[in-house]
There are 2 protein chains.
Amino acid sequence: MLDRAIAVADAGGLGSLTMRSLATELGVKPMALYHYVANKNEILDGIVDRVFGEIELPAAGGQWREEVSRRAESARSVLRRHPWAISLMESRSAPGPATLRHHEAMLDTLRGAGFSLAMTGHAYALLDAFVYGFAVQEAALPFDRDAAPEVVAGIAAQLPAEDYPRLHEYAHERVMTPGYDFGDEFTFGLGVVLDALERSLRDGDGEAPAPGTSPAR
Amino acid sequence: MLDRAIAVADAGGLGSLTMRSLATELGVKPMALYHYVANKNEILDGIVDRVFGEIELPAAGGQWREEVSRRAESARSVLRRHPWAISLMESRSAPGPATLRHHEAMLDTLRGAGFSLAMTGHAYALLDAFVYGFAVQEAALPFDRDAAPEVVAGIAAQLPAEDYPRLHEYAHERVMTPGYDFGDEFTFGLGVVLDALERSLRDGDGEAPAPGTSPAR
DNA sequence: ACCTGAACACCGTTCAAGT
DNA sequence: ACCTGAACACCGTTCAAGT
């Protein structure tokens, strides 16, 4: 039943997932659902946990960087498949078993790599902020990947070029350029994050570095 | 009217913002709203743009790192004030004037700092992925700041310690510890991101570094 | 145990109407 | 120009009832 709920949301967005539409999907009357579930909220909790369950877990014995990287890529593709899940994550209160298992595995990988408890918290928060935030951006894109140049050209044409010179520059000389793919920003950002974590592990024994006080400043 | 809509959403969440509740708030009948707006969607577009407008713009003449940092902190506090705006950003199609002005100012600051067009895209995507993702995490927190230790203690007590040893470790030895504040993760993450951008500006003339190929690897 | 029909208090929105 | 009332097709959910 949760599978069908996810399928409905995938097909028509979260707004199209109603007790009535789900019942129809299952060939049953709306009220029959209440035999399996206390209310709609429980369904939402359930599908969020299932989405979490779709994300690849980091392997216990592997190299932390590789495992964390693979898991981040997996999370990204899962959230691209189920973009409605992002808005749901904000409002859920009770994490399900798949969610807990997932967090446990990530903490274990980071702790096992030698990160201190504090640094593990920094690392996980940063990683997931990036992953979730990237998913939000991808979900908000007005174009779907291949159509980017045309769509952006249409939008840019609406904007007075003299008021928004930088937006025009970026639209014309970057987005509308062959080979542009917003998805590439994920690779770049994830690399930045992983590099920083790796550096902190080497320099500080897993302790937090003090950003902004490095020689780079 | 958009101000009142924002006030309603702030007070009761996005679910409490209905044409009827907004009308009541304005001392008018629901149908009167349609004189100012074509439909509810237009109201949602409007309040998202207004929320964007609350974020401090980077100053044109300032040091890029300081300006970008201040703007990121501002975005974070705005999204904490209006957590419902995050889920809305995913689904909006038409960016409003405040949103456009905001993007224009950010692009101008980054380009002015010497970042290449490609690197500006990398930088902005990474920065905002972090900011939005952090906002998602903060909105999802089951505790409100000061109550963290007690709430987490309650949750942790529900979980079998033998199944989730790392979660227990983190809950007891980190979250439930005096002085813990999830908000500190923002400072850490933002520092990592800004350090990386600063380094790329120094090392590569604003060109993208190749993460993962640095000596840190 | 599993499912249903009728009903209630809600939605956004249409249409025709009032000042 | 600005506002309204009645109505329609939707929601989630309760309750009492059917197999």
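Note that these values count all heavy atoms, side chains included, but never hydrogens, waters or copies made by symmetry. Each chain gets a letter, A, B and so on, in the order its sequence line appears, and its residues count up from 1. The structure displayed is predicted, hence computed values, not measured ones.
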Round to a whole Å and report the spacing from [atom1] of [X] to [atom2] of [N].
X	N	atom1	atom2	answer
A:L44	D:dG12	CG	P	10 Å
A:L33	C:dC3	CG	P	9 Å
A:N41	D:dC11	CG	P	18 Å
B:L26	D:dC2	CG	P	14 Å
B:Y34	D:dG5	OH	P	16 Å
A:R20	C:dC10	CZ	C1'	11 Å
A:M19	C:dA7	CE	P	21 Å

Checklist entry - Do the side-chain N or O atoms of B:K29 get closer than 4.0 angstrom to the phosphate oxygens (OP1, OP2) of D:dC3? => result no

Checklist entry - How do B:K40 and A:G27 order along DNA chain C: which one's closest nucleotide is nearer the 5' end? => result A:G27

Next on the checklist: Are the side chains of B:E73 and B:R70 in contact, using a 4.5 Å heavy-atom criterion?
Outcome noted: no

Checklist entry - Would one find more than 12 heavy atoms of other residues, nucleotides or ligands at under 6.0 Å from atom CD of A:E42? => result yes

Checklist entry - Does the side-chain hydrogen bond (donor to acceptor under 3.5 Å, both in side chains) test come out yes or no for A:H103 and B:Y164, once each step is laid out? => result CA-CA 9 Å; A:H103 290 326; B:Y164 304 106; over 6 Å; no

Checklist entry - Considering every strand shown, what is the Watson-Crick or G-U wobble mate of C:dT14 when both distances are under 3.5 Å? => result D:dA6

Checklist entry - Between B:L141 and B:F182, what is the shortest heavy-atom contact and its length? => result CD1-CD2, 3.8 Å

Checklist entry - What integer number of Å spans the C1' atoms of D:dC2 and C:dA16? => result 16 Å

Checklist entry - Which of the following nucleotides, D:dC3, D:dA7, C:dC3, is nearest to the side chain of A:H35? => result C:dC3

Checklist entry - How far apart are the C-alpha atoms of A:I86 and B:I86, what are their side-chain angles, what is the distance that settles it, and do they pass the side chain to side chain contact (heavy atoms under 4.5 Å, CB included) test? => result CA-CA 9 Å; A:I86 307 163; B:I86 308 163; 5.9 Å; no

Checklist entry - Within the structure shown, what part of the strands sits under 4.0 Å from A:M31 by heavy-atom distance: base, sugar-phosphate, or nothing? => result base

Next on the checklist: Using a 4.0 Å heavy-atom cut-off, does B:Y36 contact any base of the nucleic acid, only the sugar-phosphate backbone, or nothing at all?
Outcome noted: sugar-phosphate

